[in-house]
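Have a look at the structure below before the remarks.
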Amino acid sequence: QVQLVESGGGWVQAGGSLRLPCAASGRPFSSHVMGWFRQAPGKEREFVAAIHWNGRNTDYVDSVKGRFTISGDNAKNTVYLEMNSLKPEDTAVYYCAADKHTFAIMRSALYYDYWGQGTQVTVSS
């Protein structure tokens with residue numbers, strides 16, 4: 001089975017930046033979309049950003065537009081989430097996910113087939 005491993009999480013003060021890589025390993029597969037989701041304590045998992053494997057089409061939730069950037073490195077089988085101007089409300093466990101079935105970027109977690117274990121991001125005021 002394909003494995004997705006997130007890293008790069010940690011503690012940062014408001015206004016700071018973090019870069020989260022998601023490395024894929026295991027059986028080779030063709031994914032149409034790679035996405036990032038996050039889940040804060042007591043809240044539902046929400047869509048953050050996604051990118052087509054072609055590296056050009058992207059989508060972001062309104063709350064992170066202009067602050068977060070998603071990108072990919074096909075040679076390294078890695079997707080990155082660059083987070084700038086972080087706010088306390090960004091505090092959550094961030095999950096990497098892969099969608100191998102749909103051709104359009106979907107915001108629902110139901111469309112994603114593979115998930116990482118999550119990495120904690122804590123933003124202090």
Is the shortest side-chain heavy-atom distance between Tyr94 and Met83 below 4.5 Å?
yes
With the side chain counted from C-beta on, respond yes when Tyr60 and Thr69 share a heavy-atom pair under 4.5 Å apart, and no when they do not.
yes
From the options Thr122, Val123, Asp90, select the one residue that forms a side chain to side chain contact (heavy atoms under 4.5 Å, CB included) with Val12.
Val123
Check whether any side-chain heavy atom of Thr78 sits under 4.5 Å from a side-chain heavy atom of Tyr80, and report yes or no.
yes
Answer whether the closest heavy-atom distance between the side chains of Trp115 and Cys96 falls below 4.5 Å.
no
pair Ile51-Val33: side-chain heavy atoms closer than 4.5 Å
no
Going only through I, L, V, M, F, W and Y residues with side-chain contacts under 4.5 Å, is there a path from Ile70 to Leu4?
yes
Hey, are Tyr114 and Lys100 close enough side-chain-wise for a donor-acceptor pair under 3.5 Å?
yes
Determine yes or no for a side-chain-to-main-chain donor-acceptor pair under 3.5 angstrom, with Ser63 supplying the side chain and Val61 the backbone.
no
Measure across Leu18 and Leu86 and return the closest heavy-atom pair with its distance rounded to 0.1 Å.
N-CD1, 3.9 Å
Return yes if a side-chain donor-acceptor contact under 3.5 Å exists between Gln117 and Glu6, otherwise no.
yes
Using a 3.5 Å distance criterion without hydrogens, assess whether the side chain of Gln120 forms a donor-acceptor pair with backbone atoms of Gly10.
no
Is it true that atom NZ of Lys65 has more than 12 heavy atoms of other residues, nucleotides or ligands lying nearer than 6.0 Å?
yes
Value rounded to 0.5 Å, distance of CZ in Arg38 from NZ in Lys43:
8.5 Å
Measure the shortest side-chain to side-chain distance between His101 and Asp113 over non-hydrogen atoms and say whether it is less than 4.5 angstrom.
yes
Centres of the Phe68 and Trp36 rings: under 6.0 Å?
no
Check step by step if side-chain hydrogen bond (donor to acceptor under 3.5 Å, both in side chains) holds for Asn84 and Ser17.
CA-CA 4 Å; Asn84 301 307; Ser17 300; 2.9 Å; yes
Mark yes when over 12 heavy atoms from residues, nucleotides or ligands other than Glu89 sit less than 6.0 Å from its CD; otherwise mark no.
yes
Val121 vs Leu20 side-chain heavy atoms within contact, under 4.5 Å:
yes
Using every non-hydrogen atom in the two residues, find where Val93 and Gly118 come nearest and quote the distance to one decimal.
CG1-CA, 3.8 Å
Report the relative orientation of the aromatic rings in His32 and Phe103; use parallel for angles under 30°, tilted for 30 to 60°, perpendicular for over 60°.
tilted
Cation-pi check for Tyr95 against Arg45: NZ or CZ below 6.0 Å from the six-membered ring centre and within 45 degrees of the axis, yes or no?
yes
Give a yes or no on this: more than 12 heavy atoms of other residues, nucleotides or ligands lie within 6.0 Å of atom OH of Tyr111.
no
Where do Ala40 and Thr91 come nearest, in terms of heavy atoms and distance?
CB-O, 3.7 Å
Non-hydrogen atoms of Phe47 and Met106 that approach each other most closely
CE1-O, 4.0 Å
Would you say the side chain of Lys87 lies within less than 4.5 Å of the side chain of Arg67, judging by non-hydrogen atoms?
yes
